[in-house]
Each structure stands twice: as C-alpha cells, then as structure tokens.
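Right, one structure below, let's go through it.
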Amino acid sequence: MSDIFDIAIIGAGPGGMSAALEAAQQGASVAVLDRKATPGGQIYRDVTQSPLLDPSVLGREYTEGAELVRAFLEADIDRHQNADVWHIGENGEVLYSQDNQTRRLVARELIISPGAMERPFPIEGWHLPGVMTAGSAQVMLKSDGMVKDGAIFAGTGPLLYLIVAQYLRLGVTVNAVVDTTPAGGVGRAMQHLGGALRKPAYLIKGLKLLNEIRRAGVPVFRHASNLSILGESKAVGLQFQQDGRTHSINAGHIFLHQGVIPNLNMTRALGMEHHWAEQQLCWTPVLDDWGQSSIPHIAVVGDAAGIQGAEAARHAGRLAALKAMNKLGKLNDADLQQESSANLKAIKSFKAFRSFLDAYYPPTPEHRIPVATNTLVCRCEEQTMGQLRAGFEQGAKDPNALKALTRCGMGPCQGRQCGHTVSELLADWQNKPVSDIGYYRLRSPQRLLSVEELSQFQNIKPVQKPAEVSA
Amino acid sequence: MFRSLRKPETQSVSININGQTVQVAEGSSLWAAMALHGETQTRLASVSGQQRSAYCAMGVCFECLVEINGVPNQQACMTTVEEGMHVSSQHLTEQSIAALHQKESADHE
Amino acid sequence: MNFDAIIIGGGIHGSATAYYLAKAGLKTLVLEKDYVGRHASGVNAGGVRLLGRDFAEVPLSKEAMSRWQTLDDELDGDTGFRRRSLINIAIDDADMSKIQTRINSLAGLGYNHEVQIDQQELRERLPHVAHNCVGGVVSEQDGYAIPYKATTAFRRAAERLGATFHEGETLANLRQIGDTWQVRTDKATYDAGTVINCSGAWADKTAMMMGDNTPLSHSAPMLMITARMPHFAGPVVGAISRQLSFKQFENGTVLIGGGAKGFADRDSNHTTLDYKKLALAAETTKTFFPIMKTAVINRMWAGLEAYMPDNLPVIGAGVNARNAYHAFGFSAHGFQLGPVVGDVLTQLITTGKTNFDLNPFRIDRFERKVL
Ligand SMILES: Cc1cc2nc3c(=O)[nH]c(=O)nc-3n(C[C@H](O)[C@H](O)[C@H](O)COP(=O)(O)OP(=O)(O)OC[C@H]3O[C@@H](n4cnc5c(N)ncnc54)[C@H](O)[C@@H]3O)c2cc1C
Ligand SMILES: Cc1cc2nc3c(=O)[nH]c(=O)nc-3n(C[C@H](O)[C@H](O)[C@H](O)COP(=O)(O)OP(=O)(O)OC[C@H]3O[C@@H](n4cnc5c(N)ncnc54)[C@H](O)[C@@H]3O)c2cc1C
Ligand code: FES
C-alpha cells in the first residue's frame with residue numbers, strides 16, 4: 001500500500017467527513033486521520049454507537065448526523081481512527097501517533113478540520129475541582145453516558161442551553177442556569193437581523209430551549225455578571241451579580257460555557273497567517289472562500305476556520321475538496337465554479353446568521369479579561385493575572401516575551417487555555433488592538449509526545465491499512 | 001457523584017485505579033471510569049500542589065494528567081481503558097521534585 | 001538625538017554592554033529590531049558552561065563564571081542562575097584518555113577547573129546513568145540560568161542606570177562623518193560617538209555598515225523540553241564523544257539539546273525543525289539515562305545563532321573605522337559569556353585597553369585565509 005495520497009484530511013467531524021466524501025466521489029485517493037475511536041467529530045460524537053438506550057433525547061440535530069457518518073463509513077476512503085496527528089510539514093508530510101507508534105503519510109493536498117474548543121472562562125476559582133466546561137458535560141454524555149446531578153450551568157450561548165435541555169430530558173437534575181447573556185440582545189444583534197431572518201428556524205431554536213428549561217422548573221438567572229467560583233480546594237458554589245445584587249448558590253459542580261473558538265494549535269504550528277476576528281473575539285486563520293490558507297497546499301475548514309457550526313462545516317468541507325481536485329488537475333475551472341456556487345451561497349447565509357448569534361451571545365469582557373489579580377490565567381504553570389501584570393511591567397509586552405519571563409503558556413496545554421486571554425490582556429494594558437499583539441509562536445508536537453515514541457523515528461512506520469470501524 | 005446512563009449490556013474490563021481493582025465499561029474513557037468510581041482527582045497542580053480534576057474532557061486543558069502503567073503525564077480523557085491498566089493520580093509537584101533533589105544533594109555531602 | 005554610544009542588537013550582549021557602558025556614565029541607546037531577548041539570548045539552553053571551552057576562551061569564560069555566581073546581586077534581578085556542576089560523560093577508555101590529555105594541557109596553562117571522575121563517582125553524582133558509562137569530567141562552578149530572565153535582568157539594570165532601549169526599531173544605515181556616527185533606522189536618525197555591533201545572527205550585515213567584512217554564517221540549533229518528571233539529575237550533563245546534552249531544571253522539566261540544527265531563514269525570523277535529528281537526540285538521552293523512557297516531550301523549538309568558521313566569537317574594535325566595536329559570532333556558546341563581554345568592550349571604549357588577550361577574537365583574523 002502506498003503512503004502517498006491525493007488528499008489527506010485531518011479530523012472526521014462534519015467538515016472533514018464531507019470533504020472526504022466529495023473527494024472520494026470525485027475519484028481522488030483520500031486518507032482521513034482522526035484521533036478519536038469513531039468518526040463524528042464533536043457534534044456527532046459516537047452517534048452510530050451511542051452508549052445511551054435512546055439517543056434521540058439528544059435531539060434531531062444529533063441523530064441526523066448518523067446519516068453522514070454512515071455515508072462516510074461506506075465510501076472509498078482510507079479511514080484512520082485513533083490517529084493523533086502531532087506534526088504537519090510544510091511539504092505535505094503528516095506524522096501521527098497510533099498504538100504508541102509514530103506513523104507517516106504524505107499528501108498532495110491537505111484539508112484540516114480539527115474543530116473548535118470552548119473559550120476559556122478565566123474567572124476566580126475556575127481551576128478548582130468541580131468546575132468543568134458545559135461541552136465536557138456533553139462529551140461525557142455522548143461518549144460514556146455519564147452525567148452529574150445537581151450542577152449549575154453558567155455562561156452564555158446556544159450550546160449551554162442545549163446540554164441543559166439534554167440533561168433534563170434524561171431526568172438529570174439541574175441546580176440552576178446562570179445566564180451571562182447581557183440584556184438588550186436583540187437590539188445589539190439588530191444590524192445582523194437580516195441574516196438571521198434568512199434562517200428563522202435557528203433564531204427560534206435557542207429561545208425554545210430556554211423555554212424548555214424554564215418549564216422544567218430550573219431557576220434561570222438572566223443577565224448575570226461578575227461570576228466567580230466559591231471554594232478553597234474545591235468548588236462549593238457560584239457567586240454572581242444580578243440587578244446590582246450579589247447572589248451565591250451552593251453547588252459542588254459548575255459547568256461553564258461562553259461559546260467556542262477555533263482549535264488553533266495545528267494552524268499556528270504550521271505558521272499560517274492568522275487574524276483577530278473582532279466579531280468572534282478569536283484568532284482565525286486567513287483563508288479564501290474555498291478554505292485555502294496562506295500555505296499553498298493546505299486548506300482549513302469547519303470550526304477551525306472560524307466558528308460557523310456543523311452545517312456550514314459540511315459546505316466548507318465540500319468546497320475545499322472541490323478546490324483540491326481543481327488544484328490536482330482533476331476538475332477544470334468552469335466545473336469548479338459551477339459545482340461550488342450553491343455551497344458558496346449557503347456559507348454566506350450561515351455567516352450572516354452566525355454574526356447575529358455572536359452579537360446576541362457575546363462573551364462579556366469581565367469573563368474574558370480578568371480583573372481580579374488572583375485569577376489564574378495559565379492553569380498549567382499557575383500564573384495569575386497579577387503575576388502577568390508584573391511581568392508586563394518588567395518589559396514583556398509580547399505574548400512570547402511574557403511566556404519566556406513568567407512561564408505562562410509553557411505548560412502541557414501549550415497555551416490553549418491562556419493564549420486568547422494573554423493576547424487580550426496585553427492589548428488592554430497597552431491600549432492597542434489585539435491584532436497588533438499577536439499570539440504565542442507554536443510548534444509541533446501539538447500535544448505531549450513520549451520520548452519513547454519520538455525516538456522510534458529512525459524507523460518510522462508508513463501509514464497502516466485502516467482497521468474497519470462499523471456503523 | 002457522577003452516574004452512568006450506559007446501556008446495561010456493555011462488556012466490562014478490569015483496571016486498577018489508585019491501588020483498587022475495579023470493573024469498568026469496555027471502550028469507556030479512562031476519565032469516565034475514574035469519575036464513576038469517585039476518583040475525580042487527576043493530578044496535583046505542579047506549582048501550588050492543589051488538587052485538580054478534569055476540566056474539558058476533550059483533550060485541550062491537560063488537567064486530567066495521570067500516571068498510566070508507570071508513565072506520568074498521560075491524558076485520562078483521551079485514553080480508552082484497557083484490561084489490566086494500572087492508573088494512579090499524578091503527584092508530581094515542584095515541592096516533591098525539589099525534595100528529591102535535596103535528598104540527593106544531602107546524600108552526596 | 002545624541003548618544004555617546006549606540007548598540008545594534010538587544011540580545012544578552014547588547015543588553016549587558018548597555019549596562020556596563022551606562023555604569024561607566026555613557027549615554028547609551030540599544031536598537032533592537034524585534035524585542036529584547038527575542039532571538040538566541042531568550043531561547044537558548046541556558047547552559048552556563050566553562051567545561052570544555054576552547055583554550056582561547058578560557059580566561060573570559062572563567063571571569064564570566066565567577067561573575068555568574070553573584071550576578072543576581074550585581075544586577076538586583078533574577079537571572080535564574082543555579083550552580084549545579086557540569087559533567088561530560090565518558091563511555092570508554094578512549095574518552096577517558098581524551099579527558100586526561102586535556103586536563104594535562106589545561107594544567108600547563110595554569111588551569112585546574114576540570115577534574116576527572118571515575119565510574120563510582122559518576123554513579124554517585126548521576127545515579128541514573130547507564131551502566132556502561134565509565135567515568136567523566138566535571139567542572140564544579142558550572143550550572144544554568146534562565147535565558148530570557150537573564151537578558152531581561154541586564155536590560156532592567158541598564159535602564160535603571162539611564163540606558164535607553166528601543167524595541168521594534170531596525171538599523172538601516174551607518175555613516176561616520178568626522179567623529180560622529182550618523183545612525184539611521186527605519187524610524188529615526190541619531191548621532192553617536194561610538195557604535196557597537198551586537199547583532200547576533202545578523203552581525204555580518206551590521207559589520208558591513210561599519211566597513212568590516214566577516215565570514216559569519218547562521219544556523220538554527222534546536223531544543224526540546226519535557227513535561228515535569230521526578231528529579232533524577234542534579235548536574236548538567238554532556239558527553240565526551242556523543243551528542244548528549246541535557247539538564248533537569250529544579251521544576252522537574254528536562255531540557256534536551258545536543259547541537260542538532262534545524263533550518264534557518266534569518267530574513268523572516270523563521271526556523272524549521274528537523275524532527276529526525278530531534279528524534280536522535282531523544283534516543284541518545286534515553287540510552288544514557290534509561291529513566292528518560294518515561295519522559296514526554298512538551299515543546300520543541302530552535303533559535304537563530306551566529307557561527308564563525310573557527311567557532312570563536314569576534315570581540316573587539318573594528319578595523320576599518322574608528323569608534324566601532326564588535327561582539328558577535330558566539331557559535332552556540334555565547335550565553336555564558338554574557339557578564340564579561342560587555343565589560344571588556346566598555347573598558348576598550350573608555351580606556352582603550354583591557355587585561356584580556358583579544359587577539360584570537362579579532363575581526364580581521366580570517367582576512368588572509370581561504371575559507
Ligand atoms: C465540546 C463541544 C461540543 C459541541 N457540541 C455541539 C453540538 O452538540 N451541536 C452543535 O451544533 N455544535 C456543537 N459543537 C460545535 C462544533 O464545533 C461544530 O458544530 C462541529 O462539530 C464542527 O465540525 P468540525 O468538522 O469543524 O469539527 P469537529 O466536529 O470538532 O471535528 C474535528 C475532529 O478532528 C479531530 N482532531 C482534532 N485534532 C486532531 C489531531 N491533532 N489529530 C487527529 N484528529 C484530530 C477531533 O477528534 C474531531 O473528531 C461543539 C463543540 C465542542 C467543542
Ligand atoms: C537553541 C540555542 C541554544 C543555545 N544554548 C546555549 C547554551 O546552553 N549556553 C551558551 O552559553 N550559549 C548557548 N547558545 C548561544 C547563545 O544563545 C548566543 O551565543 C548568545 O545568546 C548570543 O547573544 P547575542 O546578544 O550576541 O545575540 P542575539 O541574542 O541573537 O541578539 C542579537 C539581536 O540583534 C538584533 N538585531 C540584528 N540586526 C539588527 C538590526 N539591523 N537592527 C536592530 N536590531 C538588530 C536581533 O533582532 C537580535 O535580537 C545557544 C543558542 C541557541 C540558538
Ligand atoms: S480533561 Fe481536559 S485534557 Fe483531559
């Protein structure tokens with residue numbers, strides 16, 4: 001078997017799977033690498049083999065993903081699950097770990113779709129045991145059927161309501177929902193309403209979920225601000241303000257969420273150009289309409305390309321695959337234009353809708369840019385806002401300088417949990433736009449890599465015939 | 001406590017968590033296996049020594065680092081349980097590292 | 001604006017030179033095109049090493065070493081320096097006799113800082129060393145510091161004495177008109193009595209503007225660091241005949257070097273790693289220290305470093321213009337010399353002489369050589 005492919009795709013979420021399907025259909029040799037045991041990505045995680053007796057409680061959007069996953073499993077694609085990519089070379093070389101071994105393949109065109117992660121929520125006490133992200137609640141539910149009773153869900157965004165509703169449908173108790181969405185959402189989002197009205201169903205969905213939660217009798221605190229976690233060695237409650245009053249609720253478990261941001265480490269380690277997206281308040285790779293990045297043979301699709309959601313990810317995946325076929329000389333320019341037009345149009349309308357959502361559910365400044373000096377910014381190396389401020393005053397004005405001085409961002413998460421906060425803090429302190437500040441310089445490996453595995457490099461293994469994953 | 005809504009027919013494997021042998025669902029993540037047995041402490045924070053637990057459950061926070069079969073710094077949430085696996089919470093802190101260092105220097109005098 | 005001295009380059013040597021010049025009362029400006037400590041001086045392995053130095057460098061390196069021991073007090077800062085000793089491991093008799101020969105030569109020059117140790121002592125000092133290692137050589141005063149912190153400590157001390165640092169400002173052109181250097185950058189123009197080239201991997205370009213040619217090359221030595229692991233090595237570790245080099249910091253992380261080089265593009269500040277060579281360094285470390293099997297690598301990186309054909313730096317006055325000085329080309333071991341080079345330049349600038357023999361470091365030493 002050859003270790004050279006026309007197209008290699010990283011990530012088997014909606015973006016990666018639809019890219020793979022299109023490319024395979026067009027006759028390309030396609031390899032897909034995904035670090036999880038089964039395809040599906042975040043949204044369709046384990047959809048074809050749910051641990052739950054009745055996965056339909058997770059909602060139609062979830063169960064409908066099974067169709068895409070099945071099509072993906074049936075297509076002529078080299079599928080590699082449990083394949084954790086830790087390096088992509090500018091030359092198209094992909095190195096990944098599988099069964100504790102480093103393997104390698106080479107592709108003429110690469111499409112990467114590593115998805116999103118939840119935005120860090122740097123408030124006092126967010127590092128304490130008992131505090132997790134709302135996304136984690138969903139991951140644990142989808143993959144392991146594991147739930148936690150009596151937790152508080154706090155923050156903003158449709159995903160927060162979704163998981164609460166899923167919990168309630170399963171009879172899991174929820175202590176309270178503390179909603180940080182600021183008042184006046186519609187007014188704020190007005191300028192984007194045109195976009196939202198093109199997709200009225202979506203607009204109603206969030207409100208529907210909220211109603212479902214209210215009807216179940218869960219206390220909902222709206223327009224909450226200044227969240228902090230109570231507790232010394234573990235979380236014992238949540239404190240916040242509402243209407244000028246301070247509230248605190250006791251709970252041993254708190255799930256936080258304030259939207260998602262692109263999973264940056266792969267695109268950053270590749271040295272791609274990025275820009276600060278003012279609307280989404282996150283770093284995003286610079287891409288053209290087909291997902292083409294600043295590196296000639298690499299495209300980025302899905303939420304890693306800027307948060308657009310699962311449906312948009314499918315369109316983007318298809319577009320990148322078409323463009324790759326065009327670059328490989330297997331699809332002429334005219335056909336590319338014609339094949340692409342519906343997807344390009346669809347993406348445009350998703351973008352407009354997303355702008356509305358972004359404006360409606362903004363992550364508020366006090367939960368992104370810590371004000372209390374003892375709030376941890378870097379969880380791994382335990383650097384507080386105050387310590388970073390001191391480093392800044394010693395002359396470290398760039399994220400990399402601050403990292404070298406304080407160790408902030410040097411730990412195992414490689415800046416995933418502090419990078420955005422540091423960019424925003426440094427911008428704030430210097431009264432500069434975040435785009436002038438930049439981000440950490442990242443390199444492969446994109447995750448911890450054992451010395452044992454790295455040292456096998458001398459006799460690195462080529463890609464292996466994929467094991468069958470059944471639907 | 002976390003609880004499981006997993007379908008009853010799931011097969012199980014046995015693993016050892018912090019010295020205790022337990023039965024866990026085949027194919028489950030190590031973090032879920034730990035949490036369902038009340039073992040929610042993953043690591044001690046390396047500077048302050050404070051207890052930590054999983055935060056993201058999807059591989060991006062590295063709070064769930066544990067020692068698996070003698071090798072530290074492994075992500076519990078990204079590991080699938082395997083029969084016979086030995087797992088323990090990670091106690092690597094700067095204090096414990098410094099203590100080892102001092103002991104060695106003292107032995108040397 | 002007028003300055004007594006303008007330094008081109010804000011690495012450890014530019015920052016330290018600013019410190020000593022300011023201390024001597026000169027009005028000093030440092031121009032740094034990126035930020036202070038952005039390059040080799042901020043990202044190196046932090047090795048503070050006297051062991052195994054070229055004989056020509058020993059006097060400077062010895063002086064630097066004694067300064068490191070009290071540098072935090074001198075600078076009223078935190079360089080992260082720890083005295084740990086450095087051991088180069090011998091794997092066979094050939095290695096042991098190399099050590100003996102070198103120690104004899106050093107003794108002939110009046111130096112006794114390198115001491116041979118036998119297998120038993122090696123194992124006492126490094127209990128986790130592989131069993132086939134037969135001995136080694138140790139230098140007791142050696143250790144490590146934290147590169148970016150050390151560079152920052154010099155910079156802050158210099159600023160307290162009145163030196164000015166301009167970050168994000170690139171030297172574009174130098175012209176000597178009479179006794180005045182006209183220093184033009186991408187932002188402004190300054191006058192200075194003296195100019196000093198501390199431009200690291202770009203120093204040949206700065207030298208050219210001063211009228212001096214120099215056969216500098218540049219490359220990208222690579223490093224990798226592990227996540228914290230239990231303490232197993234106090235001394236800094238190297239080897240006589242293998243590319244082994246690592247140190248375990250007191251926080252438990254292990255920094256692995258070994259001299260392997262990646263690819264450098266200095267015009268874009270960009271380096272590319274060569275994973276095969278890093279893998280070899282991982283393999284070597286594991287062979288010498290089996291406990292490293294349980295280590296996990298957290299980060300890998302490279303820095304841009306200036307090399308000279310003889311691996312010795314250029315330190316001293318320029319030859320084609322007056323009041324022009326150089327300190328560059330440290331060939332991957334210049335961090336340790338941080339506390340001495342700037343002082344020597346300051347002596348030259350303010351008194352015209354120094355106690356050190358700078359002949360081996362003259363910029364025109366390659367003039368007649370076919371390289
Ligand atoms: C925790 C979480 C839960 C979410 N739940 C929902 C939801 O219920 N509904 C909804 O509409 N949206 C949800 N989202 C938003 C979600 O990002 C998108 O809807 C959608 O999944 C994006 O598709 P994608 O293809 O871009 O990425 P993803 O679906 O995230 O797929 C990316 C895939 O890449 C893999 N991958 C990443 N890095 C590597 C690597 N280095 N090597 C190999 N493989 C790698 C991942 O394992 C993953 O399978 C969630 C997001 C998060 C973070
Ligand atoms: C990976 C690595 C590991 C190393 N390990 C060790 C070690 O363990 N021990 C040791 O002793 N040494 C080590 N070294 C070597 C040591 O780091 C260097 O020799 C030393 O830092 C050089 O300092 P410098 O000030 O001369 O140069 P640099 O730190 O490179 O500083 C020069 C500065 O000049 C600036 N500059 C250049 N041109 C211009 C211009 N036209 N205008 C304005 N600014 C300009 C640059 O931006 C740069 O910041 C290592 C080097 C590397 C890269
Ligand atoms: S819990 Fe975040 S990485 Fe495992």
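Interface remark: of the candidates S143(A), G150(A), S136(A), C380(A), S136(A) forms the most heavy-atom pairs closer than 4.5 Å to chain B. Counting heavy-atom pairs under 4.5 Å between each of E94(B), Q75(B), M78(B) and chain A puts M78(B) at the top. Each of L256(A), D84(A), N82(A), V172(A) has some count of heavy-atom pairs under 4.5 Å with chain B, and the biggest count is that of V172(A). Across G27(B), A33(B), S48(B), S46(B), the residue that shares the most heavy-atom pairs under 4.5 angstrom with chain A is S48(B). Put simply, of M117(A), H127(A), Q42(A), E452(A), the one with the most heavy-atom pairs under 4.5 Å next to chain B is H127(A). Top candidate by heavy-atom pairs under 4.5 Å with chain A, chosen from L36(B), T42(B), T40(B), is L36(B).
More than 12 heavy atoms of other residues, nucleotides or ligands sit less than 6.0 Å from atom CD of Q23(B). Around NZ of K148(A), the count of heavy atoms belonging to other residues, nucleotides or ligands within 6.0 Å exceeds 12. In E232(A), the CD atom is not crowded: 12 or fewer heavy atoms of neighbouring residues, nucleotides or ligands sit closer than 6.0 Å.
Annotation: side chain of S450(A) is not in contact with side chain of V71(B) (no heavy-atom distance under 4.5 Å). Looking at R416(A) and F62(B), their side chains come closer than 4.5 Å, going by heavy atoms from C-beta outward.
Residue pairs that meet the salt bridge (Lys or Arg N to Asp or Glu O under 4.0 Å) test with at least one member in residues 58-73 of chain B, sequence neighbours left out, are R379(A)-E63(B), R43(B)-E63(B), R52(B)-E63(B).
For a residue to count as touching a neighbouring chain, one of its non-hydrogen atoms must lie under 4.5 Å from one of that chain's; by this rule A32(B) touches chain A with backbone and side chain alike. With a threshold of 4.5 angstrom between heavy atoms, I254(A) does not approach chain B through any atom at all. Looking at T80(B), there are no atoms closer than 4.5 Å to chain A (heavy atoms on both sides), in backbone or side chain. For chain B, the nearby part of V139(A) is the side chain; its heavy atoms alone come within less than 4.5 Å.
Closest approach of M58(B) to R35(A), counting heavy atoms only: O-NH1, 4.3 Å. Listed here is the closest heavy atom pair of D144(A) and S29(B): OD1-N, 3.2 Å. Of all heavy-atom pairs spanning M132(A) and A54(B), the tightest one is CG-O, 3.3 Å. For the residue pair E381(A) and V47(B), the shortest heavy atom distance occurs at O-CG2, 3.8 Å. Here the closest heavy-atom approach between residue C61(B) and residue C413(A) is recorded as O-CB, 3.7 Å.
Note that the CZ atom of F121(A) and the OH atom of Y55(B) stand 8.0 Å from one another [nearest 0.5 Å]. Distance check: C56(B) SG to Q417(A) CD gives 6.5 Å after rounding to the nearest 0.5 Å.
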Walk me through it: do M146(A) and S4(B) pass the test side chain to side chain contact (heavy atoms under 4.5 Å, CB included)?
-> CA-CA 4 Å; M146(A) 185 166 92; S4(B) 174; 5.6 Å; no

Quick one: do R3(B) and V147(A) satisfy side chain to side chain contact (heavy atoms under 4.5 Å, CB included)? Show the steps, please.
-> CA-CA 5 Å; R3(B) 74 185 156 96; V147(A) 295; 3.7 Å; yes

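Looking at K7(B), its side chain does come within 3.5 Å of a backbone N or O of S50(A) through a donor-acceptor pair. The main-chain N or O of L448(A) is never found under 3.5 Å from a side-chain atom of N73(B) such that the two would form a donor-acceptor pair.
In this structure, a donor-acceptor pair under 3.5 Å is absent between the side chains of S233(A) and Q51(B).
In this structure, F2(B) has its ring center closer than 6.0 angstrom to the ring center of H253(A).
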